[in-house]
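Step one of this worksheet: look at the structure below.
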Amino acid sequence: MVLAFDRVDGRGLVKVYGATRALSGVDVSFSAGQVTCIEGPNGSGKSTLLSLLGLLARPTRGQILFGTHDAARTKGLRASVGVLAHASMVYPDLTAHESLALAAKLYGLRDASARIAELVERFGLGAWAGRPARTYSRGQLQRLSLARALVHEPKLLLLDEPSTGLDAGSVERLIGAVRTERARGAIIVLVTHDPALAEKLADQRIELAQGRLAPASGTPDRLATASVPRSGSAAPGGAS
Amino acid sequence: MTLLSAAWLVLRKDLQIELRTGEVVVTTALFATLVAVLTSLSFYVDDQSARLVAPGVLWIAVAFAGVLAMSRSWSRERENDAFRALLLAPIPRAAIYIGKTLGTLTFLAIVECALVLEVAVLFNLDLRGIAGALAGLLALGTVGFAATGNLFAAMGVRTGARDLVLAVALFPVIAPALLCGVVATRELIGGAPMHEIWAWVRILAAFDVAFVTAGMFLFEPLVCD
């Protein structure tokens, strides 16, 4: 069962790994149909925040709410989360078709074949979808990875340095796909070191420094009003 | 999705990859064969000594080949950070552990079939009368070994130590079960009555229950956070 929500909030998020304090009381808020860009230097807590939002780790203190659902107490929220990272998260010895079929089954999709065909078409995977992923270029891998992340139409889409190592054409396809997901009403959180990508996609920008929101990022209330204008409308067809 | 149906998806994925590459079974079987051949050349003196040495050879080959199989199986999860996609999926995380453990059991079962035949030939043993009992002993020992090994191997995916965790930390934990396996197999090949072997079988079964249960409960806390 997929739970409904139109915002994700993190309240007082603290994450401690041994002697390292990765996050120190971070308050964040993400809304449907918005791209929030998280920036900051290495070690500032960006990836930790994404791990918490992706339900891969639990906060040491604080609370994550998917709408009214407390992430610590609600089962089934993982079905609403999609993650695209620098690493493709696909098995090198499976083909694109097999990777998407595996993802569709793991997410319990009923009409998996139709959804896979749609994604293969949308992301232009057809020509090489029958080859093992080990033979793909970086751009092809990223397209497959994006298709895998979207196979279950996630409500919350987390993007962790998705443009690393991509050429200009692949980055444009990525931007198109993100805009399509934003238009669909997804909540999108983007971690990037690429200012140009952030400039093109961000509706809201947050900066982390040493596990805290940088002063310019402010509180959730200020964040809601600190949006930058969108630099273009949603591209029909996404990454095609 | 139920625990077992999710575990089946993970197992099927491992089998699908293995059928395509043959990597785990082929390398593991070759390694186990090498162990059997080298030890037979070194330790075989006569049929009487062979009955004492062969059980040790068998279990050493299984243990080392098992470490190799699990190491390779989990290194596939590390490639492209594919394991993260499993952790993100809305399935019980214990299903990942069960699926990976069943995959290891399948690979090792194939290797053990070949290994038993090789050991029988190299050490001139007639195993026809005890084949079923020997298969049962190996199955019991392999379940505990794979259950524990996959837990340690999974820990290695999230740490820098990786293969070191598997090689160094696994054997002290699994040693009692391996000892039981070796002694029970020696008694079986030596012609001991079944009631004497049952004591070892019960200990092995108890280890299996403990290892599998611990693995299912510890897997998620160990691989997350």
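Just so it is clear: chains get the letters A, B, ... in the order the sequence lines come, proteins before strands, and each one is counted from 1. Basis for what follows: all heavy atoms, side chains included, without hydrogens, waters or symmetry-related copies.
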Donor + acceptor pair across side chains of B/Gln16, A/Tyr91 (<3.5 Å): no
A/Thr95 side chain reached by B/Arg20 side chain, heavy atoms, under 4.5 Å: yes
B/Phe171 atom CZ, over 12 foreign heavy atoms within 6.0 Å: yes
Nearest heavy atoms of A/Leu102 and B/Lys13, plus distance in Å: CD2-CG, 3.7 Å
Atom group of A/Ser88 that falls short of 4.5 Å from chain B, counting heavy atoms: both
Heavy-atom pair of closest approach, residues B/Ala89 and A/Leu106: CB-CB, 3.9 Å
Among B/Ala95, B/Ser5, B/Pro90, residue most engaged with chain A (heavy-atom pairs, under 4.5 Å): B/Pro90
CZ (B/Arg72) with more than 12 external heavy atoms under 6.0 Å: yes
Non-hydrogen atoms of A/Leu56 and B/Cys224 that approach each other most closely: O-CB, 3.5 Å
Salt bridge (Lys or Arg N to Asp or Glu O under 4.0 Å) between B/Arg12 and A/Glu98, intermediate numbers included: CA-CA 11 Å; B/Arg12 203 175 71 163; A/Glu98 289 164 348; over 6 Å; no
A/Arg61 CZ: over 12 foreign heavy atoms closer than 6.0 Å: no
Within 6.0 Å of CD in A/Gln210, more than 12 heavy atoms from elsewhere: no
Contact summary for B/Arg84 and A/Ala85, nearest pair of heavy atoms: NH1-CB, 3.6 Å
Point-to-point distance, once rounded to the nearest 0.5 Å, from CE of A/Met89 to CG of B/Leu88: 5.5 Å
Check: A/Arg78 side chain, B/Ile91 main-chain N or O, donor-acceptor pair, under 3.5 Å: yes
Value rounded to 0.5 Å, distance of CG in A/Asp93 from CD in B/Glu18: 9.5 Å
Closest non-hydrogen atom pair, B/Asn80 against A/Ala87: O-CB, 3.6 Å
